[in-house]
Amino acid sequence: MKVSFCLLDINSETKAGKTELWLWGIDDHEERVLVIDRSFVDYFYAVVADGYDPTEVKAKIMEIPNTLAVNAEIVSRKFFGKPVQAIKVYCENVGNTAKLLRSLEGVKDVLEDDIRISMHYIVDNDLVPCSWHQVEVQEEKNELGVRADRIYIAQAPPKAFEKPDFPQLRILSFSMACYSREGSPKPDRNPVVIISTITDKGEEKQLIAGEDRNDKLLLEHFIKHVQDYDPDIIVGFGTNALDWSYLVERCRILKMKLGLDRVQAEPHTSVYGHVSLTGIASLDLEDFMNQFPEVKVETLENLADHLILTKLKKPVIIEDVDFADYWDNQQRRLELTAFSMNRARSIKGISDLVLDLALQLSILVGLPLDYVMTAAVGFRVEWFMIRQAQKIGEMVPKRTEQHYRSYAGGLVLNPRPGLHEKIAVLDFKSMYPSIMLAYNLSPDTYIGPEEEVPVGGVYEAPEVKHRFRKKPPGFYKEILTYLLGTRNAIRDKMKEITKTSVEYRVMDARQKAVKIITNAAYGYAGWTGARWYSKPVAEAASAWGRHTILTAIKLAEKAGLQVIYGDTDSLFTTYDPKKIPELEKKIEKELGLEVELDKVYDHVFFTEAKKRYAGLLPDGTIDIVGLEVIRGDWAEVAKKVQEHTLEIVLKNNSPEKAAAYVRTMIQKLKQRDVPLRDLIIWKTLTKPPREYAIKAPHVEAAKMLSAKGWKLTVGDKVGYVVLTGEGRLYSRVKPYVFARLEEVDIDYYISKQVVPAAARILEFWGITEEKLLPNEKTNKPSKNLMEFMQPQT
DNA sequence: GCGGAGGGAGTACCG
DNA sequence: ACCGGTACTCCCTCCGCG
């Protein structure tokens, strides 16, 4: 019989020395199915050395005792574009056999022994995660005790096919709270006191520990609840780093097993730091944070707030530290449980918004849903490439960390400081991908300095002089042609569809997924960890990029436009509605790359610094780029003042008014009329505190947190405030959770945060830091004299 | 012993 | 665990200073 199913998860199981592939999915009757394929044997390639007869090499391989090689076949493949003969060796234990063959005479290289069997299976059979497949099967009785409505044995590998609808997924979102009076909770001593869950249908369920904080029953109920609801996807926040390992450990201590997946096994750590649940896609919303760089302190509450899930009322935030206090108070315990439930609701709300993109990334890249979300962008690009490589018979290079050599990147112009009117921003569309495509940049088209110019000729990069054959199209070109073509096609189709339709939403997500991979291709090429790393490719791309923008500047100036600023692929010029379209055409004609008029600023302000400016758009919104306002490591109070300063300057063209506003704010600060939270400075811990070469404020604050039992890891953000006192800054900081408003050094916030941020803008009009600070005895007379002598004011 | 200059460490941004 | 280019703050060392 034939069944159709949507593939959601895949794992491999070894039964009696034989590896099976288990495909988990939903069939077209909404039944949960497990399709087992026992016919796939994993493999690797043994590349035949020059001058050896493949038939003999193959025979030799088969003769080796204990190779475990079940079969071998001679195949023609490509490696970096060059045709090679290889022996495809099928065997049960790829790792050992590949090792044996590495030193065999006649074998030049061993490849793809580092690709996991489930990925070989997906790639070779062209399976598409989160998509429909048809497969010839025989039904088998569920004697394995797995949680599935049907179990099938595949008679042949499944085949992907197009089907527009998507099955109704069961999704469970959850959040947990632990009781600890000793800092970060530890599973060997601190119980889980609340788990809040909510399903995709909005059904809420809370599991709460008993008065004695005994969590055995709670955990049993949680496991049972998951088993009963049988979700296809489980969503949490911080689950990979925290929740899953905590729950597993906690269960072990209570002599239980956290068997909530579809084979009643424990969650297990997998690649990319992902924690995997067999048969269920486990998603961690923390992995989505890089989608929202605007959210600087990456908490669930901040993300929910950013996505306006909480527009009705700002929820009360209860810090982890205070959980124990809340729990121990009858009345406040209700607040804690409500808070926990709200977290679960936020998780559901956010996943409703981001799941489309996650699914499309999984479909495009070909990694199962849970993996694709945890994988860093470099690995997403790589899996997409591996998939394409298979299609054209290209073998996958090994991952060998290459020696790092830096190279020159994009060109940044010095801005013309001051306030400008009517400024156009021209952007090259997908500049690096377009360049790589236009000049056929690829590791396999690169012609080394010693090599002859091939028939058909070469493109030679400016400055760096790297050469690339014009024909045939290289691997990167194939990929970028597909990506850029697909994105354009999707965007064209989207124009014909109602914006509120489901179809539009799906296409928008697909378009975003394609964009993510396209934009990362250049960075991938220059990443020493990449399988298809090629410094010449990345270096040539940026060289052509510099050439491109330099040419564009010349053309703009020739057209009579003044260039105010430019960075990598953008140009800021005076706006002339007649000249701009002509310039666009001229640039496209001369360079073969598309430019577009991205926006026109009514007013735009530059300091002398690159990469920092603010512009007013016709609709009244203000773009702020690079300045303190958009930085996460400045106190909110300074950012607010700078933002308002910019608004006054850009909208009213009135620096004096802005200065007056700043002075008012300083007065307010002096009264300590400011919430403590506006004084917090957040900085990331980029290494373990011990390893810092110098003393730094955020590191000292981190040490104080650790001393109180906080578990801090690299990548965590530390929030601290500056206190009054003597000496270096690092000696008078305190984590904000321990601090009171009365102890903070308000003068620090005035002189080192608010005033510099405001003066950054106002200095252009001669309003210096000194002029913003109220006149006091602390002001040195000499400075006032200097001020007096400055001519421009 | 102290203050300031200048280089270095550290972080976060832009495209 | 994607690239290079850039701004900026605070730390730290060193130098001058009879």
Side-chain angles (χ1 to χ4, degrees), chain A residues 271-273 290 293-294 296-297 374-382 385 399 401-402 404-415 425 427-433 436 516-535 537-543 545-546 549 565-572 598 607-613 623-635 638 681-687 689 691-700 714-715 717-718 722 727-733 748 751-753 756-757 759-760:
Chain A
V271 281
Y272 312 126
N290 52 16
E294 312 91 301
K296 306 292 174 185
V297 182
T374 313
V377 64
F379 292 104
R380 292 180 189 166
V381 172
E382 191 150 276
M385 292 178 76
R399 185 184 306 292
E401 188 67 28
Q402 309 276 325
Y404 171 81
R405 281 128 48 230
S406 77
Y407 64 90
L411 185 69
V412 190
L413 305 184
N414 272 313
V425 182
D427 271 316
F428 280 92
K429 274 191 182 172
S430 319
M431 188 170 84
Y432 284 146
M436 290 167 78
I516 288 171
I517 303 302
T518 313
N519 287 349
Y522 156 75
Y524 174 83
W527 172 38
T528 51
R531 291 177 189 265
W532 280 281
Y533 167 67
S534 172
K535 191 194 158 197
V537 167
E539 197 171 26
S542 71
R546 294 191 296 275
I549 191 164
Y565 177 63
D567 185 348
T568 311
D569 60 354
S570 67
L571 268 196
F572 292 53
D598 186 33
T607 66
E608 294 197 342
K610 297 168 173 179
K611 296 184 184 281
R612 312 187 121 213
Y613 58 88
D623 279 344
I624 300 176
V625 180
L627 292 161
E628 283 72 9
V629 176
I630 50 100
R631 289 185 66 98
D633 56 351
W634 281 72
I681 295 164
W682 292 93
K683 276 203 165 82
T684 308
L685 212 54
T686 59
K687 48 185 140 181
E691 288 176 23
Y692 279 82
I694 58 171
K695 299 242 181 195
H698 72 295
V699 181
E700 294 310 300
V714 170
K717 284 221 162 58
V718 182
V722 177
R728 293 290 193 189
L729 202 55
Y730 64 74
S731 66
R732 49 194 182 93
V733 295
Y748 170 82
S751 66
K752 297 289 180 180
Q753 292 274 328
R760 188 99 54 221

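Labels below follow one simple rule: chain letters A, B, ... track the order of the sequence lines, proteins then strands, and each chain is numbered from 1. The figures that follow rest on heavy atoms only: side chains count, while hydrogens, waters and symmetry mates do not.
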Of the candidate nucleotides C:dT6, B:dG10, C:dC2, which contains the atom at the shortest distance from the side chain of A:Y692? B:dG10
Do A:Y692 and A:T686 get their side chains close enough for a donor-acceptor pair, meaning under 3.5 Å? yes
By ring pair (Phe, Tyr, Trp, His ring centres under 6.0 Å), A:Y272 pairs with (sequence neighbours left out) A:F379
Can you check the A:Y407 OH to C:dC3 P distance for me, whole Å? 8 Å
I'd like to know if the side chain of A:S534 reaches the main chain of A:A525, judged simply by a donor and an acceptor atom lying under 3.5 Å from each other, with no hydrogens or angles considered. no
Tell me whether the side-chain N/O atoms of A:H698 come closer than 4.0 Å to OP1 or OP2 in B:dG10. no
Let me know the distance between CG of A:D633 and P of C:dT9, rounded to the nearest Å. 10 Å
For A:Q753 and A:A635, indicate whether the former's side chain and the latter's backbone hold a donor-acceptor pair under 3.5 Å. yes
For C:dT9, take OP1 and OP2 only and decide whether either is under 4.0 Å from a side-chain N or O of A:K683. no
At a cut-off of 3.5 Å, list every protein nitrogen or oxygen paired with a nitrogen or oxygen from nucleotides 12-14 of chain C, distance to 0.1 Å.
unit_1 : atom_1 : unit_2 : atom_2 : d
C:dC12 : OP1    : A:K695 : N      : 3.0

Does C:dC10 have OP1 or OP2 under 4.0 Å away from a side-chain N or O of A:Y748? yes
Once you apply a heavy-atom cut-off of 4.0 Å, does A:Y404 come out as touching a base, just sugar-phosphate, or nothing? sugar-phosphate
Report the nucleotide, chosen from B:dA12, C:dA1, B:dC14, that has the shortest atom-to-atom distance to any side-chain atom of A:D567. B:dC14
Side chain of A:I630 only, heavy atoms from C-beta on: which candidate in C:dA1, B:dT11, B:dC13 is closest? B:dC13
Taking only the side-chain nitrogens and oxygens of A:R631, find out if one of them lies under 4.0 Å from OP1 or OP2 of C:dT9. no
Taking all heavy atoms of A:I549 and all of A:L411, pick out the closest pair and write down the distance. CG2-CD2, 3.9 Å
Under 4.0 Å between any heavy atoms, over every strand shown, what does A:F572 touch: base, sugar-phosphate, or nothing? Just pick one. nothing
Under 3.5 Å: donor-acceptor pair, side chain of A:K717, backbone of A:K296: yes
Which atom pair, heavy atoms only, marks the closest approach of A:R531 to A:E382? N-OE1, 2.9 Å
Rounding to an integer number of Å, can you tell me how far A:L729 CG sits from C:dC8 P? 19 Å
Smallest separation among heavy atoms of A:V537 and A:M436, with atom names: CG1-CE, 3.8 Å
For C:dT9, does OP1 or OP2 lie under 4.0 Å from any side-chain N or O of A:R760? yes
Which part of the nucleic acid does A:K535 contact within heavy-atom distance under 4.0 Å: base, sugar-phosphate only, or nothing? nothing
Give the residues of residues 516-524 of chain A touching DNA chain B, defined as any heavy atom closer than 4.0 Å, sorted by residue number. none
note: A:K717, atom NZ; B:dG10, atom P; distance rounded to Å ~ 17 Å
A:R380 side chain vs A:I517 backbone, donor-acceptor pair below 3.5 Å: no
Residues A:K611, A:D567: salt bridge by 4.0 Å N-O rule: yes
So, is A:S542 close to the C:dC3 phosphate, meaning a side-chain N or O under 4.0 Å from OP1 or OP2? no
Which one, B:dC14, C:dC3, C:dA7, comes nearest to the side chain of A:A609? C:dA7
Mind checking if A:R380 touches a base, just sugar-phosphate, or nothing, with heavy atoms under 4.0 Å? nothing
Rounded distance (Å) that lies between atom C1' of B:dC13 and atom NZ of A:K296: 7 Å
Base, sugar-phosphate alone, or nothing: which one does A:Y272 contact when heavy atoms must sit under 4.0 Å apart? nothing
Classify the nucleic acid contact of A:G410 as base, sugar-phosphate or nothing, counting any heavy atom under 4.0 Å across all strands shown. sugar-phosphate
Starting at atom CZ of A:R531, determine the distance to atom P of C:dA1, rounded to an integer number of angstrom. 17 Å
When you get a sec, tell me which of C:dC8, C:dC10, C:dC2 is the closest nucleotide to the side chain of A:P697? C:dC10
Write down the distance between CZ (A:R399) and P (C:dC2), rounded to a whole number of angstrom. 10 Å
Indicate, with a heavy-atom threshold strictly under 4.0 Å, whether A:A541 touches base, sugar-phosphate, or nothing. nothing
Just checking A:R612: base, sugar-phosphate only, or nothing, at a heavy-atom cut-off of under 4.0 Å? sugar-phosphate
Of the listed nucleotides C:dC8, C:dG5, B:dG10, the one nearest the side chain of A:T686: B:dG10
Candidates C:dC2, C:dT9, B:dG10 - which lies nearest the side chain of A:W634: C:dT9
When rounded to whole Å, the CZ to P distance for the pair A:R732 and C:dC10 reads 10 Å
Which part of the nucleic acid does A:Y533 contact within heavy-atom distance under 4.0 Å: base, sugar-phosphate only, or nothing? nothing
Within the side chain of A:Y524, is there an N or O that forms a donor-acceptor pair under 3.5 Å with the backbone of A:W532? yes
By the 4.0 Å heavy-atom rule, please label A:V625 as base, sugar-phosphate, or nothing. sugar-phosphate
Taking C-beta and beyond as the side chain, do A:T568 and A:Y432 meet within less than 4.5 Å on heavy atoms? yes
